[in-house]
Protein chains: 2
Amino acid sequence: MLEITTINDVARLAGVSASTVSRALSGRIPVDAETKQRVLEAVQQLNYCPNALAKGLKEGKTYTVGLIIPNIRNPIFPAVARGVEDVARKHGYTVILCNTDESIPVEMDYVNKLQKRWVDGLIFATATSKSSHILQLVKEEFPVVLLVRKMEMLLDAVVVNNHMAAYNATSLLLRRGCRKIALINGNPEVNVYRERLEGFIEAHRELGLAINEKLITQGVSGAREGYNACKAILQEGLAFDALFATSDRKAMGSMKALKEKGIRIPEDVKVIGFDDLDTTEMIDPPLTTMSQPTYEMGAKAMERLVKIINSKKRLKPLVEELEAQLVIRSTT
Amino acid sequence: MLEITTINDVARLAGVSASTVSRALSGRIPVDAETKQRVLEAVQQLNYCPNALAKGLKEGKTYTVGLIIPNIRNPIFPAVARGVEDVARKHGYTVILCNTDESIPVEMDYVNKLQKRWVDGLIFATATSKSSHILQLVKEEFPVVLLVRKMEMLLDAVVVNNHMAAYNATSLLLRRGCRKIALINGNPEVNVYRERLEGFIEAHRELGLAINEKLITQGVSGAREGYNACKAILQEGLAFDALFATSDRKAMGSMKALKEKGIRIPEDVKVIGFDDLDTTEMIDPPLTTMSQPTYEMGAKAMERLVKIINSKKRLKPLVEELEAQLVIRSTT
DNA sequence: CTGAAAGCGCTTACAG
DNA sequence: CTGAAAGCGCTTACAG
């Protein structure tokens, strides 16, 4: 198997002790310039690379963090993960990717495996009202940042202002004169979707407009379910002049259902999505949507986590709320 | 900070030595049933979880692997990563995600950081003809599996038969009577795209048909570049009756360019893509495409890596070639 | 079946 | 500035 060169090999070659090699490499502790030179040459010659495990064991740090998400195949998470990773790399950290499919046992399993001295901190994009294990971690002063979804408790988090985003999306439709807006929403037990529902409601209430509850479908996820949900509304024969889907995939599915019925977009029904996936401008007609700063959210969450890890004392929790941008294309 | 319970705490509480705790937990070495019981109770009571670093340092294993990909935002990689992770989890491994953006220095940086005893193996989805560092790793008998892209050298790899896939895609267009097929291809220095080009050529050659080189555009990546590439062909005034894009995103971009010119799909120009992204059936008209078994590729690559890691002796390299499936929708 | 000891590869007070 | 020693938390021959 692979020959591993250790700090002792370097010490021997450079004619110094292991301690000195360690010091020369750390840079923090003064070492005679000439000695340092010899050490560096030996390191070079042997292609030495310190064993991160031994270092971590000694220092109680691994420079590794865990990123816990529902599913990387959900199209907002690749960009989120990139944001996390790019910042992690910048600070010398490495990222362990954990998909849970919203399963609490899977998540607990990951947390147990990663927590004890394995990783220096965790980022959760899976928080729900049932995430008591996250509260437990925070209580133990383990570095944690929430991402995308926040919790009732005041914990460090980076999220989008979903209430305002949904309010703005709905208001656009209202300004366009629509009065019967169908809402295709995600699981309302997830904070994100509850807030979007509230924003939708508030935009109506502000103008004193009634909402037809029958036009609201919740717990929908993905293009296919979006298609089915829209088709169901159509089959019930309910009239509507606009449709707000709380994800672009649901919007795409809905558009397909509308087109199949010969309903024209935006003439008969206006449509607005959420996420601004990069294919939304390629579809026909190009979709109006709320653009989430996904990459930025990931990056900010990791910045925050590094700050928490490096802080001696406990920091006051900080919730960063970013804003979604309205991107107007041709469906409105 | 977090109180860490060690094996010694458990030993003290159970009234045994640390060795015995270790044995009781490992299961491999016989321990008196009653003693074992006491140990397990102590473990439970203290919520003890062995320090993976110390264990790894001692055993020379970390149960961690690195997954090195160009960019998780490229839409085939989320499914690939899920495949890798699910199998990893099944075998008790954890996955470190590394995006390189095709940059060799970034990749070298990751490899250096991960290699020395950090990770037990690496999966590369970034191989090109310039990846000499991968050959070096294999020479050192470090466990490596290539994914998506293979190399000239015979190394363990899990890929799609791209030649055949492109051949089949092209043949479909030819069978439909098309004789002037535009090809929008990726970077031909990457094995994958070179093979797809060859499959395209072979399908023509087999029928004794000529190819108009001017209808071939290479080095194109993503929806926007696909749009531009198709627009460029259109602007040159070159006639074509079909278009084969070697990714769905390029196909979607191309379709947009065609529609803008009022060209009807499939009546005037037939289009075929590659990947079978989950939004392709939602676009208008639904896209015919070659479906890649992305999840399965990731899963198989990880299975192979586990086998290599656990094998005492060097295994003979194995290249697994999976087949892409033709999914016929409405653009052909 | 069980304990004491050595050692995985590092880092860091402790002396000099 | 530098070396010898101790120790991070485990596991595993080595004795009994």
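Below, each value reflects all heavy atoms present in this structure, side chains not excepted, and no hydrogens, waters or symmetry copies. In the text below, chain A, chain B and the rest are named by the order of the sequence lines, each starting its count at 1.
Across all strands, B:Ser26 comes closer than 4.0 Å to no nucleic acid atom at all (heavy-atom distances). Nucleic acid contact for A:Lys55: sugar-phosphate only, since backbone atoms but no base atoms lie under 4.0 Å from a heavy atom of the residue.
Of the listed nucleotides (D:dG7, C:dG3, D:dG9), D:dG9 has the atom at the smallest distance from the side chain of B:Thr6. Proximity note for A:Asn51 (side chain, C-beta onward) versus D:dT11, D:dG3, C:dG9: the nearest is C:dG9. Considering only the side chain of A:Val31, D:dT2 comes nearest among D:dT11, D:dT2, D:dC8.
Residue A:Leu53 contributes atom CG, which lies 15 Å from atom C1' of C:dT11 at whole-angstrom precision. The distance between atom CG of A:Asn8 and atom P of C:dC8, rounded to the nearest whole Å, is 9 Å. Rounded to whole angstrom, the span from the CG atom of A:Asp9 across to the C1' atom of C:dG9 amounts to 11 Å. Rounded to a whole Å, the CG atom of A:Leu57 is 13 Å from the C1' atom of D:dA6. When the P atom of D:dG7 is taken as reference, atom NZ of A:Lys58 falls 9 Å away, rounded to whole Å. To the nearest angstrom, P of D:dT11 lies 14 Å from NZ of B:Lys61.
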Task: Residues A:Arg304, A:Glu320; criterion salt bridge (Lys or Arg N to Asp or Glu O under 4.0 Å); working and verdict - done: CA-CA 10 Å; A:Arg304 182 68 188 163; A:Glu320 295 186 69; 5.7 Å; no
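The heavy-atom pair separating B:Thr6 from B:Asp9 by the smallest distance is N-OD2, 2.8 Å. Residues A:Arg314 and A:Val138 share a closest heavy-atom pair of NH2-O, 2.9 Å. Taking every heavy atom of both residues into account, B:Ala125 and B:Ile69 meet most closely at CB-CG2, 3.9 Å. When all heavy atoms of B:Tyr93 and A:Lys113 are compared, the closest pair comes out as O-NZ, 4.2 Å.
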Task: Strand DNA chain D as a dot-bracket string - pairs counted if Watson-Crick or G-U with both distances under 3.5 Å, | where the partner lies in another strand - done: |||.||||||||.|||
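With a 6.0 Å cutoff to the six-membered ring centre and a 45° limit on the axis angle, A:Arg73 does not count as a cation-pi contact of B:Tyr295.
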Sort me out a list of protein N/O and nucleotides 13-16 of chain C N/O pairs below 3.5 Å, or just none if empty.
unit_1, atom_1, unit_2, atom_2, d
C:dA13, N6, A:Arg23, NH2, 2.7

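Distance check on atom C1': D:dG16 versus D:dT12 gives 16 Å, rounded to whole Å.
In this structure, a donor-acceptor pair under 3.5 Å is absent between the side chains of A:Glu189 and A:Thr128.
Contact between the side-chain N/O atoms of A:Thr20 and the OP1/OP2 oxygens of D:dT2 is not found at any separation under 4.0 Å. The side chain of A:Arg28 places no N or O atom within less than 4.0 Å of a non-bridging phosphate oxygen (OP1 or OP2) of C:dT11. Taking 4.0 angstrom as the limit, A:Thr35 places a side-chain polar atom (N or O) nearer than this to OP1 or OP2 of D:dT2.
Here salt bridge (Lys or Arg N to Asp or Glu O under 4.0 Å) pairs that include residues 20-33 of chain A, with residues two or more places apart or in two chains, number zero.
Exactly one residue among B:Leu305, B:Val65, B:Leu137 makes a side-chain contact (heavy atoms from CB on, under 4.5 Å) with B:Leu122. That residue is B:Leu137.
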